[in-house]
Structures are given as C-alpha cells and as structure tokens.
There are 2 protein chains.
Amino acid sequence: MPKKVDHDARRRELTDAVCQLTLRGGLETATFRQVATEAGVSVNQVQYYFGSKQGLLAATQEHVGERSIERLMTWIEATDGSGRAVLGAFLKSFAPIDEDSRMAMLMYVALYTEGVVAAMGDPSANETRKTEAQMMHDTVLEQLNRGPLIDGIDAEAEATLLTALAPGLGLYILDGTMSAEAAFETIDHHLDRLFVV
Amino acid sequence: MPKKVDHDARRRELTDAVCQLTLRGGLETATFRQVATEAGVSVNQVQYYFGSKQGLLAATQEHVGERSIERLMTWIEATDGSGRAVLGAFLKSFAPIDEDSRMAMLMYVALYTEGVVAAMGDPSANETRKTEAQMMHDTVLEQLNRGPLIDGIDAEAEATLLTALAPGLGLYILDGTMSAEAAFETIDHHLDRLFVV
DNA sequence: TTGGTAGTCATACAGGTGTACTATAACAGC
DNA sequence: GCTGTTATAGTACACCTGTATGACTACCAA
C-alpha cells in the first residue's frame with residue numbers, strides 16, 4: 001500500500017482556503033491557482049482532491065454548513081434548555097458576529113445566487129435547500145410548542161416569521177447596517193411577546 | 001453637431017441585458033461579449049457607454065434600484081392610504097413575485113457579496129447601503145407612527161423587525177422555499193398584532 | 001456641400017481561467 | 001530492497017476575460 005494521507009483533512013484545508021479568499025476578495029477570487037497558493041500546495045492538488053471547480057465549491061458549501069451546525073450546538077449548550085432559550089440560541093446562531101460566522105454567512109450568500117439560478121433550470125436541484133428550510137421551520141416550531149406560549153399565539157405562523165427574521169437580521173449585521181446587539185434585542189423583544197415569562 | 005442618440009435609453013438596454021443574463025445563468029455569465037450579443041450590439045458599444053465592467057455593474061445596480069422604487073409606487077397607489085395599508089404595500093413590494101421583481105432581488109443578492117467585501121476594505125464604500133437601510137427603517141417607522149397602534153407597541157422595535165422580515169421573506173420566495181401567499185400572510189398576521197383594526 | 005465630431009465596429013492584446021497530461025517522489029506490503 | 005499504488009508537482013493547452021486601438025459610418029452645423 002502506498003502513502004496514506006487524511007483526505008478529509010486535506011480537503012478541509014483547501015475549502016478553508018476558499019473561504020479565506022472569499023472573505024478577502026469575493027468568491028470570484030477563489031480560483032484554482034489562488035486557492036493552491038493560499039493553501040501552500042500545487043494547483044494539481046486541488047484538482048486531485050475535488051476533480052473540478054464545481055466539486056470544490058460544493059465541498060466548501062458542505063463544510064461551511066457543517067461548521068454552522070457545530071456553532072449552533074455550542075449556542076444551545078450554553079442555555080438552560082428551556083424552549084424559549086433554545087429557540088433564542090437557534091435564532092442567534094445565524095448572526096455573523098465573529099470571523100467564523102461572518103465567513104459562513106458570506107459564503108452562503110455568495111453561493112446563493114447560482115443555487116437559485118440552477119434551481120430555475122432544474123427544479124430538482126433545489127430539493128436540498130427546501131429540505132433544510134423545512135427542517136429549520138420544524139425546529140423553530142418544535143421549540144415554540146414546548147411553550148409555555150401566551151394565549152392566542154399561532155405557533156405555526158410565528159415559526160414562519162422567525163424563520164425569515166433570523167437570516168434577515170443576519171444580513172443587516174453582515175453588511176454593517178445593524179449591530180449584533182440590536183438584532184439580538186429584536187429577537188428577544190419578539191420572543192417576549194410569544195412566551196409566558 | 002454629429003449624430004445624437006438617447007444615452008439613457010441605450011444604457012438601459014444594456015443594463016437590461018445584464019439582468020436578463022444574470023437571471024438565466026448568474027452574474028458571472030454577464031460578460032462584455034455576452035451582454036453585447038444579448039443586446040445585439042458590438043462589444044465596444046458596452047465599453048463606449050460604461051467605460052469599464054465596474055461601470056456597467058454600477059449602472060445596472062442603479063437601474064434596478066430605480067425600477068424597484070417605481071414598483072413600490074404602484075403598490076402604494078393601490079392602497080387606501082392608511083398607515084397600515086401603506087406599510088403592508090411597502091413590505092410586500094420586496095416580494096419577488098413576477099419576472100421584474102424576481103430579477104431585482106436576484107441582482108441585489110448577486111451584487112451583495114462584493115459590496116460587503118468591498119466595505120470591509122474600505123468602510124466608506126458602504127455609506128450608500130447604510131443610508132438606504134436607514135431610509136427603509138424610517139419609512140416603516142413613519143407609517144407605524146401614523147397608527148393607530150395597539151397599546152404598548154414599541155414602534156421603533158417593530159420597525160427594526162419589519163425591516164429585516166421583509167427581505168428575509170423575499171429570499172425564501174426567491175429560492176422557491178416559500179409561496180408569496182404564505183409570506184404575505186406572515187406580514188399581515190404580524191401587522192394585525194400592531195395596528196388597531 | 002462639406003467638416004468634424006459622436007457613434008459604431010472589428011480586431012488585437014496581455015493576462016487569467018479550468019482542465020489534461022506527464023513525470024517524479026513517497027510510502028506500505030512483500 | 002523491491003514493487004506497485006498514491007500523492008504531488010510542473011507544465012501545456014484551448015478558451016475566455018476586460019480593455020485598447022484604429023478604421024469606418026452617420027449625422028448636424030456651417
């Protein structure tokens with residue numbers, strides 16, 4: 001048997017380079033040559049581990065998603081476990097407040113357009129996104145249903161609102177239009193209206 | 001004096017071609033040659049009217065913004081003029097429900113990343129965006145203050161929430177995750193909570 | 001009619017792109 | 001130590017990018 005390397009680790013180094021470059025100069029600067037230079041390897045190594053540019057970007061998207069989930073977990077672990085606290089943590093985990101989360105959001109937006117465009121030509125290409133959105137909605141709804149909710153609150157409708165609110169606020173934080181504190185206040189203020197204190 | 005052409009009209013034809021191409025294959029397919037072909041003119045004409053690629057994209061962004069404002073006006077004119085109705089129209093005008101508004105939102109997202117990246121290197125480059133966000137917030141707040149609001153409603157906090165909610169919902173409509181009807185219901189449902197009926 | 005400028009086109013150029021290909025180095029098993 | 005597979009590097013290729021340049025056309029003022 002020949003030389004053995006940790007493929008996952010190598011791949012992650014390279015997708016990290018993609019993120020770093022995107023953060024500095026946008027997705028269009030993440031070329032094979034730039035990625036290779038950033039990671040300190042040859043151009044061919046990028047080909048070798050991903051096959052094509054599309055493969056590289058797909059893997060990057062995947063890795064960013066995984067790290068976002070990890071980040072969410074730490075947010076949740078820091079709570080008291082109540083429905084309201086877990087929900088708050090979930091929503092706030094979307095906020096781009098440090099380099100990691102900024103990068104995640106930026107990458108998501110950068111890859112968003114081509115995803116939408118691709119979905120127009122081939123609707124089945126959008127199934128992953130739909131599934132994720134459904135999961136997000138369900139998660140929010142689940143925590144809402146743990147209550148206790150104020151009388152007359154429509155959990156389903158609130159879940160839809162919160163599911164859209166969180167990324168909306170995230171974008172404003174990302175572009176420097178809103179402070180993270182203001183966004184968190186907005187979330188808390190609205191949760192105050194839903195949960196019995 | 002030599003031949004005279006309507007520069008604004010020519011420029012708009014070309015930026016329209018950029019939008020059309022972006023809608024079909026993403027912003028990266030909107031090259032000088034593709035734009036020229038789409039508009040049925042020579043490559044040089046694009047140079048002649050915009051000078052550089054950056055000039056073309058900047059003009060495109062501007063034209064899309066202008067058309068969004070026009071679209072908003074038609075939404076508002078269709079209302080009874082009450083604070084609640086105008087606010088609802090304002091928020092719903094962000095929804096990408098036809099080809100025009102879909103294109104506007106897609107272009108906005110496509111140009112968003114480089115805007116954010118540019119703002120990192122040069123914070124002053126973000127002033128326009130900040131001004132627009134402030135104007136949006138003020139507009140929402142103004143209509144809220146026309147009331148009549150239910151007792152205890154914090155208009156300032158609600159303005160921030162609605163300002164983030166509208167584009168958040170818009171993104172879900174754009175990527176096919178949510179129907180426009182569901183988004184409108186979400187907006188109306190929340191406005192019901194703010195305004196006295 | 002004529003001159004001069006605005007507009008238009010075709011083409012050239014230097015540089016960058018993703019990818020294919022070939023050759024070499026490193027290592028695990030025999 | 002040898003062997004065969006994996007990993008890595010270097011390079012070449014065809015194509016596309018934005019931009020610069022020079023020639024040609026259409027028009028209006030004189």
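In what follows, every chain begins at residue 1, and chains take the letters A, B, ... in the order their sequences are listed.
- Residue contacts for Y49(B): at a heavy-atom cut-off of 4.0 Å it reaches the sugar-phosphate backbone alone, with no base atom in range.
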### Task
Let me see the working for E132(B) and R129(B) under salt bridge (charged side-chain N to carboxylate O under 4.0 Å, His left out), right down to the final yes or no.
CA-CA 5 Å; E132(B) 283 174 2; R129(B) 198 191 301 273; over 6 Å; no

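- A straight line from CG of L56(B) to P of dT17(D) spans 13 Å, rounded to a whole angstrom.
- If you measure from atom CG of L27(B) to atom P of dT17(D), you get 13 Å, rounded to the nearest angstrom.
- R10(B) places its CZ atom 14 Å from the P atom of dA26(D), with the value rounded to the nearest Å.
- Side-chain contact of S68(A) with R71(A): a donor-acceptor pair under 3.5 Å is present, judged by distance alone.
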Please produce a list of atom pairs where a protein N or O lies less than 3.5 Å from an N or O of nucleotides 10-17 of chain C.
from    : atom 1 : to     : atom 2 : distance (Å)
dA10(C) : N6     : N44(B) : ND2    : 2.8

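- Rounded to an integer number of Å, the gap from Q45(A) CD to dA23(C) C1' is 17 Å.
- With hydrogens and angles ignored, the 3.5 Å screen pairs no side-chain donor or acceptor of Y49(A) with any backbone N or O of L14(A).
- A close approach under 4.0 Å does occur between a side-chain nitrogen or oxygen of H7(B) and OP1 or OP2 of dG7(C).
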### Message
Under the criterion salt bridge (charged side-chain N to carboxylate O under 4.0 Å, His left out), I'd like the reasoning laid out for R11(B) against E62(B): C-alpha separation, chi angles, the key distance, then a yes or no.
### Response
CA-CA 11 Å; R11(B) 286 167 60 93; E62(B) 198 174 337; 5.8 Å; no

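- Side chains of D138(A) and Q134(A): a donor-acceptor N/O pair is present below 3.5 angstrom, by distance only.
- Residues forming a ring pair (Phe, Tyr, Trp, His ring centres under 6.0 Å) with H137(B) (at least two apart in sequence, or on another chain): none.
- Regarding Y48(A), its OH atom lies at a distance of 13 Å from the C1' atom of dA25(C), rounded to whole Å.
- Remark: P of dG18(C) and CZ of F50(A) are 14 Å apart, rounded to the nearest angstrom.
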